[in-house]
Amino acid sequence: MTVSPEVRTDRHPLTADGSVELAVLERSGFDESRHIGAGVVVDAAGTVIDAVGDVAASIYPRSTMKPFQALAVRGAGALFSDEELVLTTASHAGTAAHQALALHMLESFDHVEADLGCPPDMPFDRGTARTMDGPRRLAMNCSGKHAGMLAACRVNGWDAATYLDIEHPLQRRVRSVVEEYTHETVDLVGTDGCGAPVFPLTLTGLARGFAGVVARADGDSAALTDAVLAHPWAIDGVGRANTVTIERLQVLAKLGAEGVMVMGLPGGAAVAVKVLDGSQRAGTLAALALLERNGLVAADGVAEVLAATGEPVLGGGVPVGSVRVGAGLR
Ligand SMILES: NC(=O)C[C@H](N)C(=O)O
């Protein structure tokens with residue numbers, strides 16, 4: 001992590017003391033695991049309307065930064081089809097369709113797979129992984145984001161070999177988009193798993209920023225929001241949690257690694273959640289519980305999404321338990 005001269009003295013990480021119980025896994029009638037963390041709901045104007053835990057704590061947003069990165073790429077003049085635009089903001093499952101889309105994005109701007117700055121990886125989708133000989137960059141969940149960044153370099157004549165450097169013109173743009181939407185000063189820079197710069201943000205700033213994106217206040221954020229709603233398969237994968245949430249609830253959902261989840265109602269509120277232990281298990285459950293308790297999504301729709309995407313608790317191959325909303329959210 002590098003530190004800029006004007007470090008915020010109030011920036012602090014989320015701790016156990018700043019967390020509440022978000023989810024509990026019960027097996028055979030006995031509680032087995034608990035996930036703690038924090039979550040915040042803001043309205044369309046970015047005002048906090050509900051919060052649990054220390055939502056002034058900062059977290060790495062990981063892939064929930066992708067909507068801001070996608071807007072920076074589009075703002076730099078790299079234009080794609082709607083499905084490709086969704087891939088620029090995706091943590092995709094790496095299916096053949098996702099990989100083909102990423103390849104088309106590269107080729108449209110005279111790039112090749114080896115130009116991608118993200119590392120070779122196996123796809124999230126197990127079926128696709130079984131068909132592959134080994135990891136490749138196209139299959140990495142961030143390949144669409146990186147293809148978009150490379151396209152922005154081509155359009156502007158920027159150096160494509162250094163596009164992940166924090167002082168590269170593209171990353172400067174990303175930084176200013178993040179600051180514009182979150183209303184926070186970027187003062188710390190880390191490196192995401194895919195190699196891109198990632199900035200700690202308060203949970204509240206992240207929710208505010210996401211509410212700004214789904215507010216559709218300008219052409220680029222409207223195009224991004226509408227594209228995700230129209231092509232939810234591309235942002236995650238068929239049957240996967242973000243895709244199912246978008247399909248069933250018309251709520252934009254975006255996961256980040258290490259237990260981060262943001263969701264936003266087009267033109268309305270947004271929620272941001274961090275599960276302290278980094279587990280992905282509780283993210284969708286906690287974010288939807290926060291939206292539901294504020295009357296922003298219907299209980300039956302939430303139950304449908306959780307039934308379709310919740311992690312099964314199995315014993316001998318049959319369900320013997322469940323994951324429920326924790327005491328901190330009730
Ligand atoms: N889904 C994610 O958050 C991935 C993240 N961008 C990483 O590279 O690790």
Side-chain angles (χ1 to χ4, degrees), residues 1-26 31-42 46-66 68 91 178-179 181-194 196-211 241 253-264 269-291 293-294 311 323-330:
M1 176 185 279
T2 56
V3 181
S4 77
E6 64 287 340
V7 170
R8 293 171 55 126
T9 50
D10 59 341
R11 210 178 270 297
H12 59 278
L14 186 63
T15 64
D17 284 345
S19 297
V20 303
E21 184 182 275
L22 299 177
V24 181
L25 184 147
E26 161 270 314
D31 291 344
E32 185 172 29
S33 305
R34 293 176 193 281
H35 296 287
I36 63 172
V40 60
V41 183
V42 299
T47 305
V48 173
I49 56 175
D50 193 8
V52 294
D54 178 9
V55 298
S58 292
I59 62 158
Y60 275 126
R62 304 295 300 269
S63 282
T64 61
M65 244 181 73
K66 280 178 180 154
F68 311 120
S91 298
V178 168
E179 291 186 334
Y181 276 85
T182 63
H183 304 185
E184 283 189 18
T185 303
V186 168
D187 44 27
L188 297 169
V189 181
T191 306
D192 205 348
C194 66
V198 60
F199 316 129
L201 297 171
T202 68
L203 212 48
T204 302
L206 178 60
R208 187 190 300 125
F210 202 63
K254 183 75 207 78
L255 65 84
E258 292 294 320
V260 185
M261 184 65 71
V262 295
M263 294 186 187
V271 60
V273 168
K274 166 73 182 183
V275 182
L276 188 65
D277 62 15
S279 164
Q280 301 297 129
R281 183 189 281 152
T284 298
L285 177 78
L288 288 177
L290 276 164
L291 291 178
R293 82 177 198 173
N294 287 281
E311 186 181 311
V323 183
R324 67 173 188 271
V325 170
L329 289 177
R330 276 191 262 111

Evaluation steps, side chain to side chain contact (heavy atoms under 4.5 Å, CB included), between V260 and I59: CA-CA 9 Å; V260 185; I59 62 158; 4.0 Å; yes
Worked check of salt bridge (charged side-chain N to carboxylate O under 4.0 Å, His left out) between E26 and R34: CA-CA 9 Å; E26 161 270 314; R34 293 176 193 281; over 6 Å; no
Verdict with reasoning, K254 to S63, per side-chain hydrogen bond (donor to acceptor under 3.5 Å, both in side chains): CA-CA 8 Å; K254 183 75 207 78; S63 282; 4.8 Å; no
L201 and V178: CA distance, side-chain angles, deciding distance, side chain to side chain contact (heavy atoms under 4.5 Å, CB included) verdict: CA-CA 9 Å; L201 297 171; V178 168; 3.9 Å; yes
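R62 meets the salt bridge (charged side-chain N to carboxylate O under 4.0 Å, His left out) test with D192; sequence neighbours excluded. Scored by the salt bridge (charged side-chain N to carboxylate O under 4.0 Å, His left out) test, D54 finds no partners at all (sequence neighbours excluded). Under the side chain to side chain contact (heavy atoms under 4.5 Å, CB included) criterion, A289 pairs with V325, L329, sequence neighbours left out.
Residues P61 and V198 meet the side-chain proximity criterion, which asks for heavy atoms closer than 4.5 Å. Under the 4.5 Å side-chain criterion, counting only non-hydrogen atoms from C-beta, V48 is not in contact with D50.
Here the closest heavy-atom approach between residue F68 and residue F210 is recorded as CZ-N, 4.0 Å. Listed here is the closest heavy atom pair of S19 and L14: OG-CG, 3.9 Å. When all heavy atoms of L188 and P200 are compared, the closest pair comes out as O-CD, 3.3 Å. When every heavy atom of A38 is checked against every heavy atom of V55, the shortest pair comes out as CB-CG1, 4.4 Å. Across V275 and A282, no two heavy atoms sit closer than the pair CG2-CB, 4.1 Å.
A donor-acceptor pair is defined here as one N or O able to donate and one able to accept, closer than 3.5 Å; such a pair exists between the side chain of S279 and the backbone of R281. At least one donor-acceptor pair closer than 3.5 Å links the side chain of E21 to the backbone N or O of A327. In this structure a side-chain-to-backbone donor-acceptor pair under 3.5 Å is present from K274 to E258. Put simply, the side chain of H12 gets close to the backbone of D10: a donor and an acceptor are under 3.5 Å apart.
Between L206 and the choices V40, T182, V42, T64, the side chain to side chain contact (heavy atoms under 4.5 Å, CB included) rule is met once, by T64.
For the atom pair CE of M261 and OG1 of T284, the computed distance is 3.5 Å after rounding to the nearest 0.5 Å. The distance from atom CG of L285 to atom NE2 of H35, rounded to the nearest 0.5 Å, is 9.5 Å. In this structure, L22 CG and L276 CG are separated by 9.0 Å, a value rounded to the nearest 0.5 Å. Atoms CZ and CZ, on R11 and F199 in that order, are 11.0 Å from each other to the nearest 0.5 Å. Remark: E179 CD to D187 CG distance equals 9.0 Å, nearest 0.5 Å.
With 3.5 Å as the limit, one finds a donor-acceptor pair spanning the side chains of T202 and E184.
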